[in-house]
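Everything below concerns the one structure shown next.
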Amino acid sequence: MTALHEVGDQLFAYVQRDGGWGWSNAGLVMGDGSSLLVDTLFDLKTTQAMLDTMAPLISIAGIEAIVNTHANGDHCYGNELVPGVDIIASEASADEMDELPPQALAALVDLDVDPLTRAYLQSAFGPFEFRNITMTPPTTTFSGRHEVDVAGRKVELIEVGPAHTRGDTLAYVPDADAIFTGDILFIHGTPIIWDGPVQNWVDACDLITGLGVTTVVPGHGPVCGLDGVEMVRGYLVWLYAEAKQRFEVGMSAQDAARDIELGSYADWGESERIAINVDSIYRELDPSHESAGVLANFTLMAELANR
Ligand SMILES: [Zn+2]
């Protein structure tokens, strides 16, 4: 169920459904008279519903800035609905946003492909409306670390990408021992490695753990603690080793994705993302690795999801 949760003093997490494809989380950090929105959502309808839910809070502390944790559309396509505010993102994320316009996703959903792939794309992206979105890019970019003063309240932005995407950023709220991780964490869902290297992602998990936070808001799925960070770290380390073994004996990335036994990870949502994850790990192991391509990976995910 989609809901706004109070996760700390003047601190809120907006958690959507089960956290599956496109159902991302966002956050609101309230300062004294104004607030910071951490991420917008995948389309205008879902973002407007979130802003309506937050209305009683925003009426006290209007949104003065947005942070986009990374470039995936489910974390930035709704930016236009908060006009005139500062939009902050890492420089790497801002660059990547230019390459992922909403129209490209609209086209992906409508591709003339085999019925199984088409049904998979429809189930992942069909619930969202991409055609009416005006991409609204960041107005402030940074590299490394960047401190935001939210009406007297400190929020620390920590760039940890490339990992899930090129410019992944954490939003750490020290006074609440809380962190918004963007898609560095998927809880009860399978992480998706668009970029890597995996070690950067593992390091990001260790950084979060090192902060000793008690409240962790993932990019997808329910709010958790450091146990959630360990679960994701465990998946990454396990999958890297499994993929590497198969790479070393010359198995193709697609066959490796079919071959790896998921064990308990089969219970996580979208476990078929292993198709993209293994492909990314192969690229990491051999920069000249020729990916089957995004569409072929969606076809493989459709196959894995239906077996
Ligand atoms: Zn996401």
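As the structure is a computational prediction, the values presented were derived from the model and not from experiment. Each ligand, and each atom within it, is numbered from 1 in the order the structure gives.
The aromatic ring centres of Y172 and F180 sit 6.0 Å or more apart. Ring pair Y235/W268: centre-to-centre distance below 6.0 Å.
For the pair R233 and W238, the cation-pi test (distance below 6.0 Å, angle within 45°) is failed.
In the hydrophobic clustering of this structure, F186 does not group with I260; members are Ile, Leu, Val, Met, Phe, Trp, Tyr whose side-chain heavy atoms approach within less than 4.5 Å, directly or through other members.
For the Zn ion (ligand 1), the tally of protein N/O/S atoms lying closer than 2.8 Å stands at 4.
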- Query: Is there a salt bridge (Lys or Arg N to Asp or Glu O under 4.0 Å) between R283 and D195 once you walk through the steps?
  - Reply: CA-CA 9 Å; R283 191 180 58 233; D195 271 79; 5.2 Å; no
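Panel note: side chain T181, backbone I179; no donor-acceptor pair is recorded below 3.5 Å.
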